[in-house]
Amino acid sequence: MSSHRPTPGHDHSFGRGSGIDAPVATTPVSDTTIDILVARERSRLESELGITDKHVQHAARPEERPFTRAERPFTTVLFGGLTWKHERLIQAMMHGLGYKAEYLATPNVRAFQTGKEYGNNGQCNPTYFTVGNLIEHLTALERGGLSRRDIIDRHVFFTAGACGPCRFGMYEAEFRLALRNAGFDGFRVLILEQSGGLNQASGDMGLEMNLDFTLGILNSFMIADVLNDVAYQLRPFELVPGATDAALNESIEIMARVMERQKAASVPRAVGDSAHRPAKAAARATARRFLAQLFGRELLEGMTECRALFAGVKVDRTRLRPVVKVTGEFWAQTTEGDGNFNMFRFLEKEGAQVMVEPISTWLLYLLHQVKQETRDRKFSGLDPTLPLTARMVQKVKRLGTMWKKVAIFTFAEKVYMREYNRLRRCLDNIPHELPNQYAMQRIAHPYYNTRLEGGEGHLEVAKNIYYTNKSLCHMVLSVKPFGCMPSTQSDGVQSAVTSHHKDIIYLPIETSGEGEINAHSRVQMVLGEARAAARAELQRAVEQTGLTLDDARAAIANNPVFSDPFLPLRRTRGVVGVAPNFLLQFAPRIGAARKERTV
């Protein structure tokens, strides 16, 4: 017998003669009933977990009070993040355009700590240094007597912005967060987009990022790049300590005055001459501005004055100086303070000649990447459902659009290189020429896919190979923030690069605001290898020429031509250092001078 007993409250009737349970009749549950049950359960869980605020706030870019044209006379535009040379010229350009502008001091460790205090965790140290530097400046204004309201109303901060795989795309958000946490909520941050083109002005903007403004920034970059390059080439060999820095400081001031005068004169007086034809008037104003840029003489005349200043710096080219090329993440390889452990001055103190990276290389890289992307995407988004004839017509139109854009980008590349080389010629081509971006692409692509973007992309790999194979440096030093994704990707393939190119001396250094002693110690060890390579190079030159360094120094002391900083120095193939190149080129003249002294 079965011991099964029906459970109370349940229908356990059996189907007759079936031997199995009959289907239980169910009542359909309406959607309303389900919604009520779900709402009850949600309410119970929220109550249990203590969730009371049901307001949903979606992520959105915060809207801030705009900086208008009417505020321009009493509002100071703050900016920073580059070298003081670049920033001083940008300040002069902005003064010429009618802005009140001030650049921030070089960030230090205290600024880094302030940035960490008020910013998010896990950001790269350029963020902490630049954000903290701004907060330190605003705090100093407040200590100087300005109210917080006046600081917020009468100051704005101008910086570059971008999106992409690295943390640079978060700088704008980090500035706003840190400012709010520091008590400066509402302080305005203005962004110049990398991909925004030459003209990003619209409406009643207080900071008009128009053609005059953008060309002024580009001129500031080029001028500071070439002057900075000359200074770093002369400083390790100067006979009078401090002479190079004095010439550089005065040269920057000369060019600042030129920039201020030129920009004030270059602004179109009014498009109101032809108010009934504003488009044509604007086109004429743009054409005048480009012609002034391409054929104007003011910048060149100013650079000629700078050459006269540097000509007063006497040099001794017989000194042993290993050449160290500095690469890496954009900000870390550019700044000249605690942000990269004061690496440039440290290298010079250790007896090295530093080859700095011009900002112009990075600008041309950005232009090159946009040009490449235009080619890659020429047929993206084609409608596959169209008939064959229609698709062919669409492809032809796309090709026409692509080649038009490529032509514009190529023209921009040529113009920039032309302007840069004009400035170099004023300084007897002493500044290094900019590397060809297409050559850099070909060099790097076997190791690093050049379509990958972020930071300097493939440039870190390309520079390591390019500057070593061209005999332009003894050692490559790559400085970058901790955890910088693009630089980390580059470091991942540098082992393959160094295994295929045995002569490369390469050292990556991560900067994080701390660990300066450890970083300097690592640089000293690898710099020893570079110094040994430079010493062997110089010894070969001495043996080949039959001259001693004492002979060369005696010739320099007796002939002022040899101590001229603009003495043309021809590079011998495979020889990097200045001293061996000097001996190999001027051995006949030095030998003749030795014979005269003997007689």
Side-chain angles (χ1 to χ4, degrees), residues 124-126 160 162-170 194-195 324-334 340 343 355-378 380 406 409-410 413 417 432-511 522 526:
C124 54
N125 60 306
C163 62
C166 74
R167 289 169 287 188
F168 184 45
M170 296 301 297
Q194 286 183 7
S195 58
V324 179
K325 172 62 182 175
V326 178
T327 68
E329 186 268 340
F330 172 75
W331 186 85
Q333 72 179 3
T334 303
N340 61 7
M343 192 58 71
M355 180 185 277
V356 291
E357 185 62 37
I359 293 177
S360 297
T361 302
W362 189 56
L363 295 177
L364 289 176
Y365 161 74
L366 295 176
L367 186 59
H368 172 79
Q369 290 299 93
V370 173
K371 185 176 176 180
Q372 187 63 57
E373 185 178 5
T374 301
R375 285 197 179 102
D376 292 343
R377 295 180 178 273
K378 59 181 178 293
S380 63
V406 167
F409 296 143
T410 302
E413 284 179 331
M417 294 289 287
H432 296 91
E433 60 182 341
L434 297 175
N436 185 289
Q437 291 295 325
Y438 301 94
M440 303 292 270
Q441 183 186 41
R442 288 191 295 271
I443 290 171
H445 198 74
Y447 301 95
Y448 190 103
N449 194 309
T450 53
R451 300 304 193 270
L452 293 176
E453 297 185 358
E456 292 222 335
H458 61 270
L459 284 186
E460 291 186 49
V461 173
K463 290 174 188 174
N464 194 8
I465 302 171
Y466 177 86
Y467 285 98
T468 303
N469 287 355
K470 290 280 188 180
S471 299
L472 295 174
C473 70
H474 296 101
M475 166 185 166
V476 176
L477 175 64
S478 177
V479 290
K480 69 282 301 282
F482 72 92
C484 177
M485 190 191 73
S487 289
T488 302
Q489 292 176 170
S490 298
D491 289 347
V493 301
Q494 293 287 12
S495 57
V497 172
T498 53
S499 66
H500 294 163
H501 302 268
K502 302 298 184 182
D503 295 334
I504 285 180
I505 302 176
Y506 172 76
L507 175 65
I509 289 289
E510 284 202 341
T511 61
R522 290 185 61 203
V526 180

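The shown structure was predicted, so the numbers you read here are calculated from the model rather than taken from an experiment.
Atoms NE2 and CG, on H368 and N436 in that order, are 9.0 Å from each other to the nearest 0.5 Å. C473 SG to Y506 OH: the interatomic distance, rounded to the nearest 0.5 Å, is 12.0 Å. The OG1 atom of T511 sits 7.0 Å away from the CH2 atom of W331 when rounded to the nearest 0.5 Å. The CZ atom of R442 lies 11.0 Å from the OG1 atom of T450; values are rounded to the nearest 0.5 Å. Rounded to the nearest 0.5 Å, atoms CD1 (I465) and NE2 (H501) are 4.0 Å apart. To the nearest 0.5 angstrom, Y438 atom OH is 9.5 Å from L364 atom CG.
In this structure, T327 and N464 have side chains that are not in contact, with every pair of non-hydrogen atoms separated by 4.5 Å or more. Put simply, the side chain of Q333 reaches to within 4.5 Å of the side chain of K463, judged on heavy atoms. Side-chain atoms of E329 and P126, non-hydrogen and from C-beta on, do get closer than 4.5 Å to each other. Counting heavy atoms from C-beta on, the side chains of M355 and M475 never come closer than 4.5 Å.
Judged by distance alone, with hydrogens and angles left aside, the side-chain atoms of R451 form no donor-acceptor pair with the main-chain N or O of Q372 at under 3.5 Å. At least one donor-acceptor pair under 3.5 Å links the side chain of N340 to the backbone N or O of A332.
With no hydrogens or angles considered, no side-chain donor-acceptor pair links Y365 and E456 at under 3.5 Å. Using a 3.5 Å distance cut-off with no hydrogens or angles, the side chains of E413 and Q437 do not pair a donor with an acceptor.
The two atoms that bring Q369 and L452 nearest to each other are NE2-O, 4.2 Å, heavy atoms only. When every heavy atom of P435 is checked against every heavy atom of T361, the shortest pair comes out as CD-OG1, 3.9 Å. A pairwise comparison of heavy atoms in F409 and K371 identifies CD1-CA, 3.8 Å as the closest pair. Closest of all the heavy-atom pairs between E460 and S478 is OE1-OG, 3.2 Å.
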Test V497 against V461 for side chain to side chain contact (heavy atoms under 4.5 Å, CB included), laying out the working first.
CA-CA 8 Å; V497 172; V461 173; 3.9 Å; yes
Take V326 and V356, measure what side chain to side chain contact (heavy atoms under 4.5 Å, CB included) needs, and give me the verdict at the end. CA-CA 6 Å; V326 178; V356 291; 5.9 Å; no
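Not less than 6.0 angstrom separates the ring centroid of Y447 from the ring centroid of H458.
By the 6.0 Å contact criterion, CZ on R377 is open, its count of non-hydrogen atoms from other residues, nucleotides or ligands being 12 or less.
Look at K325 and E357 and you find a salt bridge, because one of the NZ, NE, NH1 or NH2 atoms lies within 4.0 Å of a carboxylate O, short of that distance.
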